[in-house]
Amino acid sequence: MFTSPINLFKLCILITHISCFVQTCIAADPVDNYLIDCGSPTNTTVFTRTFAADNPSTWSLSAPKSVLANTTNAAIASSDTPSLYRTARILTASSSYTFPIKKRGRHWVRLYFFPFTYQNFNLPNSTFTVSTQNTVLLDSNQLSTTNTTFKEFSLSIDSDSFALTFAPSSGSSIAYVNAIEVVSVPDGLITNDASKGRLLATQTLETVYRVNMGGPKVLPSNDTLSRTWVSDQGFLVQKNLAESFSYTGVISYGNGGSTRDTAPDMVYRTATEMAQVNVSNGNFNVTWEFDLSPGSTYLVRTHFCDIVSSALNNLYFNLYIGGSLAVKDLDLSTISVNTLASPVFMDFVADGSSKFRISIGPSLDLTDIMPNGILNGLEIMKLSSVTNDDGASNNNNNNNNNKKTSVVWAIVGAVLGGLAVIVIVILALAACTRKAKKKKQHSKTWVTNNGVSQSLASRFSNRTATTAASLVALNGNLNIRFPFAALQEATNNFEESSVIGVGGFGKVYRGVLGDDATKVAVKRGNPRSQQGLTEFRTEIEMLSNFRHRHLVSLIGYCDEGNEMVLVYEYMEEGTLKSHLYGGGCNDLPNLTWKQRLEICVGAARGLHYLHTGSTKAIIHRDVKSANILLDENLMAKVADFGLSKTGPELDQTHVSTAVKGSFGYLDPEYFRRQQLTEKSDVYSFGVVLLETLCARPVIDPTLAREMVNLAEWAMKWLKRGQIEQIMDPRLAGDVRPQSLRKFAETVEKCLADYGVDRPSMGDVLWNLEYALQLQEAASAAADGNADEEDGTNQIPELASRVMLASTTNVGDGAVGESLGEDLSGVSMSKVFSQLVKSEGR
């Protein structure tokens, strides 16, 4: 029989989906797999698993007195009661189930409870504890007195047997259990990779929530590890801000570290994302809220699978855990080795609260990208810190032996304790002496080594695959490594009132160093920032190899323990952004047009040096007004090189890389093609030029729709030749028409859609110098110092000198020497892109 190509295609798709479903449902084969239907005389099958009758064979039961009970006569039971809860073993004295362990390591202990009344045994009023050899898992206060309760624990077993003890709280009380599971956990499912350095592989974890975002409840039969995942609908704070998304394609395992044991296909095939009906605004988060115990610590595992994107690097979002920013600008494609629909998971350790929130929200620092965020699954597990002081057993038989030995150990303990106190006192005195000496010397001995510390180098080699060449470069140029204590003193222990800025790496503090009261800017890394180490490395690498009067200088760094701190020269007047429209002091004086032009010229010089000052161009990748800093003389310096990237090889046109940048400044061609060039910096700088002229934010959602994006709005006026209609009203009467026309022409070229149509940064600099000279010449004529014609005629002479300077070796910075004269007396506006004096490098 003939089958059409379309039907054949549909059949193939169906077979693919069926094979995926079958793979999903194939259960793992754990080495240890004890399933007991407590109190039942026969085996019970639940889905595809068989729970054995409570008749010890491969395990043992130590129970002085116990009763097998069932719900036949139970008043609160019904025909809907799940089969595992219809029988129970009632224990009237401390009793233990003991299991031989074939493979040591992490195991699940799953317990089932249903408090029905059987004969004279009142299970709802029973009080008891459940413990292992060294951990109290729970007490009966954690159980429902009317409904079924399921408890899941994950713990490490390091012996050849495992005892689970049920101990009534008093002689008149009882304990009970309906079903027990002791099952091996696959290797690698719980690792030590979460934050705060906890050894999670040895911690006891209690599962509190396991949630499938955007999809239905997942039953144990659809999970290879027999877990239950509930729907997220009951946890969403504002359901109208979220919507579900489902995927029917193939899930690509193996690229992001997740397997089908990490979470089932049904979790990764669905997601909750930002509601697309509201996404044009983009200024909202999707939030889930959970009830946790304040004072307890939790492992939070988030599951992601980019099933919503049609191309790589199209999804950037922020993740918030417990109200704090956990990951900024999360790009799943970089974790999943540039593969869509590839599952990944991330672990975090957080302190609990009664209203614990997890949120996803858009990356507002990125432009030309549809705001969105997703979450596919979530697990919250409580870290247990409660231990069983009685050891492996609570049986009364051990009490007498404990009492006999307690007196002896008390005497030994007292003697050893006394000796310990003496030793501690001696060590404390020695430590205080050393600390006093160090404190006395640290202000004069901050240069503790030449180059990068060993811990920094090892961190680079272990986590970022830094090449030997780059480490040599670092060691060759960076000399000052500050002790953390010195930076604490400089910033008054990082006092909040000293904060002068906040970025993706962390907060920036105003500080004062040493006896000479040198002002510095101290950038302290946020340990929760996923990009922190990368930015730390890049900043040091870039600023250690480059020196220029229009680049902010790196004074030193601190790499001590978990602290990553960068120390820069202090820029007295803050950011260009704060002078234009906020982000700093509110009483800053208005910048004149000449001052604005000089600032733009200075920033252009810094960028031009980055692009041309070495064999390979350095692309800043985050040019914006907040990263242009001003010293006390309003001289501009480019800052923040955390996202900088080395440019293409000589035989290449671009660098292919994930899109990074700030919302409103991002080159649209770079965004579309993921191809980075120096012209991407030119576009961003064009937006800065518009900010300088218009003195308004690059993105302002409070304005009318056509005005929200500064670049799009301004380009319409530029093409009409009416740029003066949108410039800062405070500049009225201050801007000369010739200067404005040249400036507007430069902006329009910078913002061309395609990089090939944009000027180089050297050309941008030349045009800005020209616009500045037009302003100065016209101003001089207006002041009566020269007629306008004469003033304008001075420009070609300077321009020729500037062009001559630009043809010299751009790497040596010796402009004065190349011109055969010393230009140190020339105003800042009359110098091209290089340093005036070589000693300034």
Side-chain angles (χ1 to χ4, degrees), residues 498-503 507-512 518-523 539 543 546-555 566-610 620 622-642 662 665 681 684-698 727-728 730-731 734-735 743 761 764-765 768-769 771-772 775-776 827-831 833 835-836 840:
S498 300
V499 175
I500 56 177
V502 180
K507 294 181 178 179
V508 184
Y509 300 81
R510 181 189 299 106
V512 179
T518 301
K519 290 183 180 181
V520 290
V522 181
K523 184 191 288 187
E539 284 272 331
L543 291 179
F546 294 99
R547 290 289 184 269
H548 193 280
R549 68 183 299 180
H550 291 292
L551 302 180
V552 170
S553 297
L554 179 68
I555 296 175
L566 297 167
V567 184
Y568 305 88
E569 62 174 315
Y570 182 68
M571 301 296 285
E572 194 74 40
E573 291 297 321
T575 67
L576 171 61
K577 176 182 176 180
S578 65
H579 282 266
L580 293 175
Y581 56 86
C585 301
N586 294 325
D587 57 351
L588 294 173
N590 176 44
L591 295 173
T592 66
W593 180 238
K594 180 182 177 183
Q595 288 173 323
R596 298 186 195 197
L597 284 173
E598 288 177 335
I599 290 168
C600 291
V601 166
R605 286 182 186 145
L607 291 172
H608 178 59
Y609 177 74
L610 286 178
H620 189 280
D622 198 18
V623 177
K624 56 184 178 181
S625 58
N627 286 340
I628 297 175
L629 306 184
L630 308 176
D631 68 6
E632 65 275 10
N633 298 317
L634 294 181
M635 185 172 75
K637 300 193 179 189
V638 180
D640 201 341
F641 297 84
S662 292
Y665 298 89
D681 278 353
S684 301
F685 189 66
V687 179
V688 171
L689 295 180
L690 280 179
E691 280 185 278
T692 306
L693 177 66
C694 304
R696 54 146 287 186
V698 294
M727 72 179 187
D728 185 356
R730 294 173 296 178
L731 294 176
D734 185 29
V735 182
F743 186 87
M761 190 54 69
V764 173
L765 175 58
L768 290 175
E769 288 274 9
L772 177 59
Q775 177 70 17
E776 288 180 333
S827 70
M828 185 178 86
S829 63
K830 296 182 180 180
V831 182
S833 62
L835 291 175
V836 174

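This chain uses plain numbering: 1 for the first residue, then up along the sequence. Just so we're clear, the structure is a prediction, and the values are computed from it rather than from any experiment.
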Closer than 3.5 angstrom, by distance alone: can the side chain of H550 be matched with the main-chain N or O of M635 as a donor-acceptor pair?
no

At their closest point, which heavy atom of L768 faces which heavy atom of A604, and how far apart are they?
CD1-CB, 4.1 Å

Report yes if the side chains of H608 and H548 come closer than 4.5 Å at any heavy-atom pair, otherwise no.
no

For residues G606 and L551, report the shortest heavy-atom separation together with the two atoms involved.
O-CD2, 3.7 Å

Measure up the W593 and F743 rings against each other and bin them: parallel (under 30°), tilted (30 to 60°), perpendicular (over 60°).
perpendicular

Please find the pair of heavy atoms, one from Y581 and one from S625, that lie closest to each other, and give the distance.
OH-OG, 3.9 Å

Check: Y609 and V638 side chains under 4.5 Å, non-hydrogen atoms:
no

Are the side chain of E598 and the backbone of A636 linked by a donor-acceptor contact shorter than 3.5 Å?
no

About how many Å separate CG of L554 and CG of L566, when rounded to the nearest 0.5 Å?
6.0 Å

With side chains defined as the heavy atoms from C-beta onward, is the minimum distance between Y665 and V688 less than 4.5 Å?
yes

In the structure I gave you, are the side-chain heavy atoms of Y568 and I555 within less than 4.5 Å of one another anywhere?
no

Can you tell me how far SG of C694 sits from CG of L580, rounded to the nearest 0.5 angstrom?
10.0 Å

Just how far is it from atom CG of N590 to atom CG of L731, taken to the nearest 0.5 Å?
6.5 Å

Under the 3.5 angstrom rule, does the side chain of Q775 hit a backbone N or O of K594 as a donor-acceptor pair?
no

Distance in Å, L629 CG paired with I500 CD1, rounded so as to fall on 0.5 Å steps:
8.5 Å

Using a 4.5 Å cut-off on heavy atoms from C-beta on, say whether the side chain of E769 contacts that of L765.
yes

Quick one: closest heavy-atom pair of H579 and L634, and the distance?
CE1-CD2, 4.3 Å

Atom pair CZ/CG of F685 and L690 - distance to nearest 0.5 Å:
11.0 Å

Before accepting this row, confirm whether a basic side-chain N of the pair K624/E691 lies closer than 4.0 Å to the acidic partner's carboxylate O.
no

Would you say D734's side chain and T592's backbone share a donor-acceptor pair under 3.5 angstrom?
no

Rounded to the nearest 0.5 Å, how far does CD of E572 lie from CG of D631?
9.0 Å

Side-chain heavy-atom pair K637, E569 within 4.5 angstrom cut-off
yes

D640: side-chain contact (heavy atoms from CB on, under 4.5 Å) partners, not counting sequence neighbours:
K523, E539, N627

Is the shortest heavy-atom distance from the side chain of L689 to the side chain of L693 under 4.5 Å?
no

Any side-chain heavy-atom pair from D728 and R596 closer than 4.5 angstrom?
yes

Determine, step by step, whether L591 and T692 satisfy the side-chain contact (heavy atoms from CB on, under 4.5 Å) criterion, reporting the C-alpha distance in whole Å, the side-chain angles of both residues, the deciding distance to 0.1 Å, and the verdict.
CA-CA 9 Å; L591 295 173; T692 306; over 6 Å; no

Using only atom types and a distance under 3.5 Å, with no angle test, would you say the side chain of S498 pairs donor to acceptor with the backbone of Y509?
no

